[in-house]
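Only one structure is covered here, and it is reproduced in the block below.
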Amino acid sequence: MRDRRFDRAVYRLVSRIPPGRVATYGQIASLLGYPRAARAVGSALKRCPPDLPWQRILNHRGGISLRANVSGMITQRILLEREGVPLQRGRVDLARYCWAGPRRRPAVKLPALGKL
DNA sequence: TCCGTGACACAAG
DNA sequence: CCTTGTGCCACGG
C-alpha cells in the first residue's frame with residue numbers, strides 16, 4: 001500500500017474528460033471497476049495534482065460537493081462556466097453535460113454491417 | 001497493522 | 001426539499 005494506485009487511476013481517468021463535459025464521483029469509481037468507491041474518488045481529488053481538471057467532477061445530483069469550502073465552490077463554478085458548463089439552481093444538467101466515458105477504439109475490426 | 005477519516009451514494013422518514 | 005443512518009473503501013497517521 002502507500003503507492004496510491006487507486007488515486008493515480010482516478011487522475012488518469014479524470015484527465016481524459018474533455019472540457020465542457022462532467023462526470024460524477026460514482027461514475028469515475030464505476031469506470032475504474034470499483035462501483036462502490038465513490039467516496040475514495042473524492043478523497044483522491046482532494047489530493048490531486050494541480051493540473052488536473054478536478055472541476056469536472058460533481059456529485060450524483062450534478063452539484064458541487066466541496067464541503068464547507070466556499071472559495072473552492074466558487075472556483076469550481078467559475079471554471080465550469082468558463083468551459084461552457086452552466087449551473088442552474090446549483091446544479092449542472094447531467095443528462096446534457098455528462099461525459100460518456102473513455103472512448104475505446106475497437107480492438108478488432110467489426111464484421112460488416114451488411115445492408116443498411 | 002489497525003483505525004479514523006471523508007470533494008460519495010442511496011434509502012427511509 | 002431536507003434530515004438522518006448505513007454501507008463503502010483507499011489513504012494516511
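Fair warning: this is a prediction, and the values are worked out from it, not measured in the lab. In what follows, every chain begins at residue 1, and chains take the letters A, B, ... in the order their sequences are listed.
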Checklist entry - How long is the line joining CG of A/Leu32 and C1' of C/dC11, in whole Å? => result 16 Å
Interface polar pairs with nucleotides 5-7 of chain C, N/O, under 3.5 angstrom:
from  : atom 1 : to      : atom 2 : distance (Å)
C/dG7 : O6     : A/Arg39 : NH1    : 2.9

Checklist entry - Rounded to whole angstrom units, what separation is found between the OH atom of A/Tyr25 and the P atom of B/dC8? => result 5 Å
Checklist entry - Do side-chain atoms of A/Tyr11 reach the backbone of A/Ala44 as a donor and acceptor pair under 3.5 angstrom? => result yes
Next on the checklist: Expected output is a numbered-order residue list: members of residues 77-91 of chain A with a heavy atom under 4.0 Å from any atom of DNA chain B. What is it?
Outcome noted: none
Checklist entry - With sequence neighbours excluded, what pairs up with A/Arg96 under the salt bridge (Lys or Arg N to Asp or Glu O under 4.0 Å) test? => result none
Next on the checklist: Any base atoms under 4.0 Å from A/Asp7, or only sugar-phosphate, or nothing? Heavy atoms, all strands.
Outcome noted: sugar-phosphate
Next on the checklist: Counting only side-chain nitrogens and oxygens, does A/Arg47 get under 4.0 Å of the OP1 or OP2 atom of C/dA10?
Outcome noted: no
Item to check | Qualifying salt bridge (charged side-chain N to carboxylate O under 4.0 Å, His left out) pairs with a residue from residues 24-33 of chain A, counting only residues at least two apart or across chains | outcome: none
Return all side-chain donor-acceptor pairs below 3.5 angstrom for residues 73-82 of chain A, not counting sequence neighbours, or 'none' if the list is empty.
from    : atom 1 : to      : atom 2 : distance (Å)
A/Thr75 : OG1    : A/Ser71 : O      : 2.8
A/Gln76 : NE2    : A/Gln55 : O      : 2.9
A/Gln76 : NE2    : A/Ile57 : O      : 3.1
A/Arg77 : NE     : A/Glu81 : OE2    : 3.2
A/Arg77 : NH2    : A/Leu87 : O      : 3.2

Checklist entry - Yes or no on side-chain contact (heavy atoms from CB on, under 4.5 Å) for A/Ile64 and A/Leu58, after CA distance, side-chain angles and deciding distance? => result CA-CA 5 Å; A/Ile64 288 173; A/Leu58 304 166; 4.1 Å; yes
Item to check | Spacing of A/Arg5 atom CZ relative to C/dG12 atom C1', expressed in whole Å | outcome: 17 Å
Checklist entry - To the nearest Å, how far apart are A/Leu94 CG and B/dA9 C1'? => result 14 Å
Item to check | Candidates C/dC9, C/dC2, B/dA7 - which lies nearest the side chain of A/Ala37 | outcome: C/dC9
Item to check | Nucleotide B/dA7, atom P - distance to NZ of A/Lys46 in whole Å | outcome: 6 Å
Checklist outcome for this item: side-chain contact (heavy atoms from CB on, under 4.5 Å) with A/Arg56: of A/Pro18, A/Ser15, A/Pro19, only one passes, and it is A/Pro19
Checklist entry - Over how many whole Å does the gap from A/Asp3 atom CG to C/dG12 atom P extend? => result 10 Å
Next on the checklist: Using whole Å, what does the distance between atom C1' of nucleotide B/dA9 and atom OH of A/Tyr34 come to?
Outcome noted: 19 Å
Checklist entry - A/Arg8 has an atom CZ; how far is it from atom C1' of C/dC11, in whole Å? => result 13 Å
Checklist entry - Who are the ring pair (Phe, Tyr, Trp, His ring centres under 6.0 Å) partners of A/Phe6, not counting sequence neighbours? => result A/Tyr34
Next on the checklist: With a sphere of 6.0 Å drawn around CZ of A/Arg8, does it hold more than 12 non-hydrogen atoms of other residues, nucleotides or ligands?
Outcome noted: yes
Checklist outcome for this item: On DNA chain B, more 5' by nearest nucleotide between A/Asn59 and A/Ser43 is A/Ser43
Checklist entry - Do other residues, nucleotides or ligands put more than 12 heavy atoms under 6.0 Å from A/Arg12 CZ? => result no
